[in-house]
Amino acid sequence: MSAADLRLGEEDGTVRPPHLFPAYQSTVLRAPKRPLVMLPEALADRRGPVFGHLPPATLDADLTTQHDGEPLGERIIVAGQVTDAGGHPVRHQLVEVWQANAAGRYAHHNDVHPAPLDPNFTGNGRLLTDDEGRYRFVTVKPGAYPWKNHLNAWRPAHIHFSLFGSTFSERLVTQMYFPGDPLMELDPISNSIAVSARQRLVSSFALDLTVEQWALGYRFDIVLDGATGTPFEAADPR
């Protein structure tokens, strides 16, 4: 990502959340206190990044078939297209997702809030985009969950996305939300995004992606950079 510390709003044609957003308490400890170091031009323009030697398997894109039984919850399909700032498809790029289960709990030892774990749902997936930059995951709709940011704080239902992009400047980690979620307006993480760009993090219900009597579909298109880029969010394990 750009090394510029862009504050809440729009600067230089891009929309970024601030590194320090006190309403999101974790940023108080994690935000850099010194000026960021600019990458050398040659390194910033280098093609990449490079990821591991094991390609994604077929089951990696279907989070509902990775275990012996079916997971609990509402099955959904999340699909979209990944493009660059010029609208060109980003082909054969790694897309990773992770999420809570339908009860709002992660399969992670740090998540200890009293919601049930699902032995048939780990909540991790990955794939490579196709020749048109498109991706498609099958999963379950995640539940909302409490967190300790402030009194009676709850995270909206969301899915984390990580995209490598085709250059280092296009590296993106973000979150996808669901339409009509009343918790979004109370959530300091989504509120750290400029109002003009916040809707870019919300998926849209897509009947054409819905499979009759099987799963609802949601579309989430992603732009890796530029004035219409999908906003990244501060890294957070939850």
Side-chain angles (χ1 to χ4, degrees), residues 1 5-11 14-32 63 73-74 76 78 80 95-108 110-116 118 121 123-125 137 139-163 171-206 216 218-224 228-238:
M1 304 304 299
D5 185 9
L6 298 176
R7 296 299 166 187
L8 189 60
E10 300 181 11
E11 301 181 20
T14 61
V15 181
R16 313 280 194 199
H19 293 298
L20 176 62
F21 190 70
Y24 179 17
Q25 292 185 9
S26 295
T27 67
V28 176
L29 297 176
R30 291 199 299 240
L63 284 67
E74 176 188 341
I76 62 173
V78 178
V95 181
E96 298 172 303
V97 295
W98 64 97
Q99 63 168 92
N101 65 21
R105 186 169 176 184
Y106 289 92
H108 192 280
N110 285 341
D111 191 346
V112 295
H113 98 272
D118 188 338
F121 189 78
N124 300 295
F137 288 101
T139 184
V140 298
K141 189 173 182 179
Y145 56 79
W147 63 315
K148 297 180 180 180
N149 188 76
H150 55 275
L151 181 65
N152 199 16
W154 289 77
R155 291 290 340 269
H158 61 278
I159 298 176
H160 297 265
F161 274 75
S162 167
L163 295 95
R171 182 75 169 93
L172 176 73
V173 177
T174 192
Q175 298 181 22
M176 184 204 88
Y177 299 91
F178 292 86
D181 193 327
L183 290 175
M184 273 203 70
E185 64 183 48
L186 305 174
D187 182 54
I189 296 181
S190 60
N191 286 338
S192 71
I193 306 297
V195 174
S196 61
R198 205 168 295 161
Q199 193 61 30
R200 299 179 204 168
L201 298 177
V202 182
S203 61
S204 59
F205 171 71
L216 293 179
Y218 292 88
R219 178 167 284 107
F220 186 57
D221 293 329
I222 299 170
V223 181
L224 289 183
T228 59
T230 302
F232 74 86
E233 296 191 11
D236 188 283
R238 303 186 67 183

Practice prompt. Please report the closest heavy-atom contact between Gln25 and Lys148, naming both atoms and the distance.
Written response: OE1-O, 4.4 Å
Fill in: Heavy-atom donor-acceptor pair, Ser203 side chain to Tyr177 backbone, under 3.5 Å
yes
Worksheet item: Quick one: CG on Leu186 to CZ on Arg155, what's the gap to the nearest 0.5 Å?
Response: 12.0 Å
Worksheet item: Is a donor on one side and an acceptor on the other found under 3.5 Å between the side chain of Ser162 and the backbone of Glu96?
Response: no
Fill in: Minimal non-hydrogen separation, Ala157 against Asp181, with atom names
N-OD2, 3.2 Å
Practice prompt. Report the C-alpha separation of Lys141 and Leu216 in whole Å, then their side-chain angles, then the decisive distance to 0.1 Å, and conclude whether the side chain to side chain contact (heavy atoms under 4.5 Å, CB included) test is met.
Written response: CA-CA 10 Å; Lys141 189 173 182 179; Leu216 293 179; over 6 Å; no
Discussion item. As a test of understanding, state which of His160, His108, His158 forms a ring-ring contact (aromatic ring centres under 6.0 Å, His included) with Trp98.
Written reply: His160
Fill in: Pro188 side chain near Asn149 side chain, heavy-atom distance below 4.5 Å
yes
Practice prompt. With the side chain counted from C-beta on, respond yes when Val140 and Ile76 share a heavy-atom pair under 4.5 Å apart, and no when they do not.
Written response: no
Practice prompt. Taking the side chain as every heavy atom from C-beta outward, state whether Arg200 and Asp221 have any atom pair closer than 4.5 Å.
Written response: no
Worksheet item: Hey, what do you get for CG (Asp187) to CH2 (Trp154), rounding to the nearest 0.5 Å?
Response: 13.0 Å
Worksheet, complete the sentence: Closest heavy-atom pair, Phe220 versus Gln175, reported as atoms and distance to 0.1 Å, is CZ-O, 4.2 Å
Discussion item. To check you understand the geometry: which heavy-atom pair defines the closest contact between Ala144 and Leu183, and what is its length?
Written reply: CB-CD1, 3.7 Å
Discussion item. Ignoring hydrogens, what is the shortest heavy-atom contact between Asp111 and Tyr106? Give both atom names and the distance.
Written reply: OD2-N, 2.7 Å
Worksheet entry | Any side-chain heavy-atom pair of Phe178 and Ile159 under 4.5 Å | yes
Worksheet item: Quick one: which of Leu201, Val173, Val95 gives a side-chain contact (heavy atoms from CB on, under 4.5 Å) with Phe161?
Response: Val95
Worksheet item: Just how far is it from atom CG of Asn191 to atom CZ of Phe21, taken to the nearest 0.5 Å?
Response: 6.0 Å
Response to the item:
Taking every heavy atom of Asn124 against every heavy atom of Leu63, the minimum-distance pair comes out as O-CG, 3.5 Å
Worksheet item: Would a distance-only check, ignoring hydrogens and angles, find a side-chain to backbone donor-acceptor pair under 3.5 Å from Arg105 to Pro116?
Response: no
